Amino acid sequence: MLHPIIKAFFHHDSSTLTYIVHCQRTKKCCVIDAALDYDIYSGDISSSPLEEITHYIMTNELDVEWLLETHAHADHVTGARQLKEKVGGTIAVGVGIRDVQQSVKTMLHLKDDVLTTHVFDRLLEDGQSLELGDLTINVIATPGHTPDSLTYVIGNSAFVGDTLFMPDSGSARCDFPSGSAATLYQSIQRIYQLGDNTRLFMCHDYRPQGRELAYITTVAEQKQHNIQINASVSEQEYVQIRETRDAKLAIPRLLYPALQVNIRGGYLPAPEDNGQCYIKMPMQLI
Ligand SMILES: [Fe+2]
């Protein structure tokens, strides 16, 4: 089995890991889950987190083939669109993005134009494979956190998005629209079936109790030690653990701006007649 070369970048503001994965011989690469900075107070978006990513691509003379999203993120604005403008590449996301678009449209009473999938270059389905030089990217649908969630398997490395976190942190929340703890349980079983030695690359690490940043684990370690979903946890137990935890979680700080950009493939909402783009947020008296 051919193994990829993997480089991780940490986006501090959202605790997101971005990965560049490349084929040693052909230098073809994919970038998984690039993030931008977003200032919640001003609405300013900055592509400065992409600088070290593009620097790495340039200095290693990589040829960007794919800009992959593991899902429509609710905690950061995707950097895939800006990256495509800088270094090229095909933006791909799970076909379940249609469900996410529909949910966000309903939640925020958006116009129908948000439902277009033409803003993405490719919609990916479970079981598809993509070429990356001498490597193959195998696509596994792993919904539950969101309906569009995908895991990308390259060699013996799996990029699991927001399914699992490191063993001391458990798993991703399932309380977003169209999320489901039972579905995530089944998705995680599929990841566990990849085999004990499969390396798992996290999309987030929140460094519990101030421990060092960690983002690589294995199926074996997760099955033994995951605090929410090790091998001895039943679906029923997991759903109860997950839903109890989700009930206590605050809404992500960037939920509304992030989703409104990310379901549009990284484009901002259409400008109003004064030329300015705006985001919507629900308000209610409680
Ligand atoms: Fe997420």
Side-chain angles (χ1 to χ4, degrees), residues 8-19 31-38 40 49 67-81 91-104 107-108 120 124 139-152 158-166 169-188 190-191 200-208 215 217 222 226 228-229 238 242-243 245-266:
F9 301 84
F10 187 61
H11 183 240
H12 285 268
D13 191 51
S14 63
S15 299
T16 300
L17 277 308
T18 299
Y19 298 100
V31 183
I32 304 174
D33 290 331
L36 300 179
D37 284 341
Y38 181 87
I40 188 72
L67 301 167
L68 304 175
E69 298 287 336
T70 55
H71 62 295
H73 302 275
D75 63 335
H76 68 260
V77 172
T78 177
R81 178 69 43 196
I91 298 178
V93 68
V95 69
I97 191 71
R98 292 194 180 108
D99 295 335
V100 182
Q101 289 173 326
Q102 186 61 58
S103 299
V104 177
M107 177 171 72
L108 295 174
F120 302 97
L124 302 175
V139 177
I140 306 178
T142 45
H145 170 62
T146 64
D148 67 329
S149 292
L150 298 178
T151 289
Y152 298 105
F159 300 85
V160 299
D162 285 10
T163 51
L164 292 158
F165 295 149
M166 291 300 283
S169 305
S171 62
R173 64 195 297 172
C174 294
D175 58 338
F176 295 152
S178 306
S180 159
T183 304
L184 184 57
Y185 182 89
Q186 292 302 332
S187 292
I188 290 171
R190 289 192 72 189
I191 293 170
L200 304 180
F201 290 78
M202 306 296 105
C203 179
H204 290 293
D205 185 53
Y206 299 102
R207 296 178 284 179
Y215 49 85
T217 178
Q222 293 283 19
N226 190 287
Q228 291 174 344
I229 185 163
Y238 174 71
R242 188 66 266 167
E243 290 182 351
R245 173 92 182 111
D246 287 348
K248 295 179 191 150
L249 294 175
I251 283 186
R253 187 168 52 99
L254 300 185
L255 176 82
Y256 298 114
L259 283 178
Q260 284 172 80
V261 177
N262 295 344
I263 61 168
R264 291 176 165 98

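Computed from a predicted model, the values in this text were never measured in an experiment. In each ligand, atom 1 is the first atom listed, and ligand 1 is the first ligand listed.
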Original post:
Does the pair Asp33 and His73 meet the rule for a side-chain hydrogen bond (donor to acceptor under 3.5 Å, both in side chains), with working shown?
Top reply: CA-CA 9 Å; Asp33 290 331; His73 302 275; 2.7 Å; yes

**OP:** Decide yes or no on side-chain hydrogen bond (donor to acceptor under 3.5 Å, both in side chains) for Thr163 and Thr142, but give the supporting numbers first.
**Re:** CA-CA 7 Å; Thr163 51; Thr142 45; 5.4 Å; no

**OP:** Could you check Thr146 against His71 for side-chain hydrogen bond (donor to acceptor under 3.5 Å, both in side chains), going step by step and ending with a plain yes or no?
**Re:** CA-CA 7 Å; Thr146 64; His71 62 295; 5.2 Å; no

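Taking 2.8 Å as the threshold, His204 does not count as a candidate ligand of the Fe ion (ligand 1), since none of its N, O or S atoms lies below it. Within the coordination shell of the Fe ion (ligand 1), defined by N, O or S atoms under 2.8 Å, His71 is present.
Relative ring orientation between Phe201 and Phe159 is described as parallel, the plane-to-plane angle staying below 30° on a 0-90° scale split at 30° and 60°.
Counting just the N/O/S atoms of Asp162, the one with the shortest distance to the Fe ion (ligand 1) is named OD2.
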